[in-house]
Amino acid sequence: MKKFTKIIAALLTCAIFFLPAKVLAADAWAIAAEALGVLAIYKSTLKSMLELGNDVNAQMSARRQDIAKNGTAKNPRDIKLVDDIMTQLINSGGYELRVNSLPFVWNVNESEKFNASCYPMNYVTVNLGLLKNLNYDENKIAAVLAHEMTHGIEQHSAKIYANAMAQQMGAVVLGANINSANVDWSKISGMVNYSIAKSVITPAEYEADEGGFYLMTSAGFNPGGCAAAMARMDYYFRYETRDFLEFDAHDKPAEQTFSDHPETEMREQKLSQLLTDYSCGHITVKKVGRAYKVFIDGAEIYTANFANAADNAYYFAGGLARAFHDYTTVDGWNFRKGKGTSIDFLNDEKAFKQVREIAFLENSGGKIRDAVTLAYQNENPSTRQKYFDAEKKRLAYWQKVKSESLHAKKNYAKQLRMNADLYSDYGEGKLALKEIERALAAKNQDDIPECLAIRGRAKAICGDYAGALADCNDALAQDSKNLYNFLNRADVYHMRGEYDSALKDIDAALKIDAEVAVAYKLRGDIFDELGDTVKAEENYRWCYFLAKKNPRSIPEKYLEKIDAETYKKIKDAESKKDTTADKNKGNN
């Protein structure tokens with residue numbers, strides 16, 4: 001069967017935002033694999049994919065490959081917009097990471113395609129085309145990113161790829177190289193057949209829609225953003241693109257065609273229903289022709305026509321829904337006299353911005369007040385109770401995930417510690433701090449002192465040198481037999497420019513174990529910075545030998561002296577790669 005490589009390349013970066021699905025039980029992926037006769041292979045491949053999802057090297061490699069292929073947005077405002085939204089979703093959203101999941105990393109790339117996606121290791125790539133086609137609207141963008149985060153949080157990607165690869169290849173695809181930072185995603189993508197991948201991806205999408213809705217609303221965004229985003233995509237797919245690899249406007253749910261975007265209108269309706277439920281049943285939005293009408297308990301309160309009708313209606317409805325959700329009586333709405341003859345209400349929270357602005361422009365504050373007052377008078381308490389019971393159930397689900405992480409076995413706590421150390425190796429101090437705090441919170445932690453030393457190094461990378469040294473001193477006070485506690489403090493001294501103290505700590509580490517490559521690497525770095533190339537080369541030679549002649553372990557200018565043959569091979573390969581890239585560029 002023909003492979004659609006370009007489509008699968010997008011697929012492999014996780015289930016794309018624009019796909020429909022049924023919500024499946026947790027074991028539905030395995031049930032599907034069993035029905036296809038590939039259950040054993042699916043389980044084996046899933047194990048490998050989950051390991052990849054907890055591999056810092058793989059996450060950093062995925063980001064590096066994405067940037068190399070698709071670039072990074074050049075406008076700082078585009079980057080800041082996504083940074084701010086992702087930060088708000090991560091810090092304020094109601095969710096928990098599983099113990100074998102990495103913290104989220106993201107990039108805004110230069111692709112003009114209307115898309116965003118999430119890799120198995122929680123790397124989110126956001127196309128510039130998505131920002132443009134959503135008109136840089138933070139609520140709609142938050143809806144898409146929350147959807148993608150849900151794919152990562154629920155580990156959909158690992159299940160998707162494991163199932164598709166098991167069907168296609170009949171073997172564990174990634175094999176022994178699963179933890180390699182050099183996994184070539186473009187080559188892996190060719191292994192998965194599009195028609196198979198489509199059939200196993202679609203079950204995750206409604207779950208991601210629903211999870212994204214709760215994530216973005218809990219983070220403080222307008223609850224109407226999800227339905228507004230889907231309405232915008234429906235218009236785009238119907239009227240603005242005819243790329244069959246992106247969307248086929250004539251798809252029907254029962255037909256197997258090339259499109260992976262059937263029935264965005266149906267998904268909009270489902271997201272609109274989530275908005276209604278969130279309002280405890282009071283708010284509904286209906287599309288009538290090209291107009292969108294908003295109702296409070298069946299009484300029309302606002303009609304949006306013409307340009308931006310969906311946005312205006314859903315954001316108006318979203319503000320009302322948020323208020324009905326948050327306040328149990330009309331008093332919470334704080335209806336009051338506004339400018340001129342207007343009636344103002346609610347507060348300055350961003351979720352209420354649009355409903356207050358539209359009410360002011362239409363002078364409908366009094367009408368809203370009367371409808372809201374009547375709605376509370378006639379409210380069925382069981383409707384509100386039913387919704388909040390469901391909300392408590394979702395909260396309990398995340399508490400269970402958190403508890404499972406906190407009480408995981410020691411090897412998971414150790415992995416968190418190793419992840420933090422790797423993030424520091426990449427210069428990602430903030431991510432390192434996230435992981436080490438998770439490690440320190442683990443109930444079955446096996447090495448608190450080393451955690452403190454790793455946290456100290458991460459703090460130094462973030463510029464907190466005093467806090468860094470305090471943590472490292474504390475680590476060594478508790479355990480001076482762990483050479484890595486000395487090496488972490490040595491690196492902190494190195495970053496502080498205190499080379500003599502750093503060298504003393506390296507010597508102390510080598511007295512514990514004289515065959516640790518990283519100690520010679522750090523000492524080589526220090527002598528190189530001091531201008532002592534003889535001592536630097538001597539230490540780099542030891543590092544190269546102990547690291548089993550890994551050329552990435554030392555700087556190239558020293559590699560040329562230490563292993564000229566390997567150096568030449570690397571340079572020849574780089575030259576060949578550059579030549580191929582230039583040829584491909586000329587052919588495009």
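The analysis underlying the following values was restricted to heavy atoms, covering all of them including side chains, and did not include hydrogens, waters or symmetry mates.
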Which pairs count as salt bridge (Lys or Arg N to Asp or Glu O under 4.0 Å) when at least one residue sits in residues 460-475, sequence neighbours excluded? R455-D471, K459-D471
Within the supplied structure, the quantity of interest is the number of heavy atoms (other residues, nucleotides, ligands) at a distance under 6.0 Å from M418 CE; does it exceed 12? no
Scan side-chain atoms only and decide if S553 and N550 contain a donor-acceptor pair under the 3.5 Å cut-off. no
Report yes or no: does D447 contribute a side-chain atom to a donor-acceptor pair with the main-chain N or O of E450 at less than 3.5 Å? yes
Side chain to side chain contact (heavy atoms under 4.5 Å, CB included) against N135, all qualifying residues, sequence neighbours excluded: none
Test log, rule side-chain contact (heavy atoms from CB on, under 4.5 Å), inputs Y544 and L559: CA-CA 9 Å; Y544 190 57; L559 178 63; 4.0 Å; yes
Sub-4.5 Å side-chain heavy-atom contact between D505 and L487: no
Only one of K557, R523, K535 passes side chain to side chain donor-acceptor pair (under 3.5 Å) with D528, and that residue is K557
Salt-bridge contact D525-K521 (side-chain N to carboxylate O under 4.0 Å): yes
With side chain to side chain donor-acceptor pair (under 3.5 Å) as the test, pick out the partner of T125 among N109, N115, N107. N109
For the CG atom on D513, are there more than 12 heavy atoms of other groups (residues, nucleotides or ligands in this structure) within a distance under 6.0 Å? yes
Does D66 use its side chain to pair, donor to acceptor, with the backbone of A62 at less than 3.5 Å? no
L50 and N54, any side-chain heavy atoms less than 4.5 Å apart: no
Taking the side chain as everything from C-beta on, heavy atoms only, tell me whether T87 gets closer than 4.5 Å to W106. yes
Picking from K568, K561, K569, what satisfies salt bridge (Lys or Arg N to Asp or Glu O under 4.0 Å) with E565? K569
Are the side chain of D137 and the backbone N or O of N139 linked by a donor-acceptor pair below 3.5 Å? yes
Check R98 with E404, please: is the shortest side-chain N to carboxylate O separation under 4.0 Å? no
Over 12 non-hydrogen atoms of neighbours within 6.0 angstrom of OH in Y136: yes
Working for side chain to side chain donor-acceptor pair (under 3.5 Å), residues H156 and E205: CA-CA 9 Å; H156 289 160; E205 290 306 296; 5.9 Å; no
Looking only at side-chain N and O atoms, does Q59 offer a donor or acceptor that is under 3.5 Å from a partner on D55? no
Step-by-step side-chain contact (heavy atoms from CB on, under 4.5 Å) determination, I506 to Y520: CA-CA 8 Å; I506 294 170; Y520 293 98; over 6 Å; no
Considering non-hydrogen atoms only, spot the tightest contact between R438 and P103 and give its length. NH1-CD, 4.5 Å
Using only atom types and a distance under 3.5 Å, with no angle test, would you say the side chain of S92 pairs donor to acceptor with the backbone of A219? no
Tested for salt bridge (Lys or Arg N to Asp or Glu O under 4.0 Å) against K80, the lone hit among D84, D78, D83 is D84
CZ (F527) with more than 12 external heavy atoms under 6.0 Å: yes
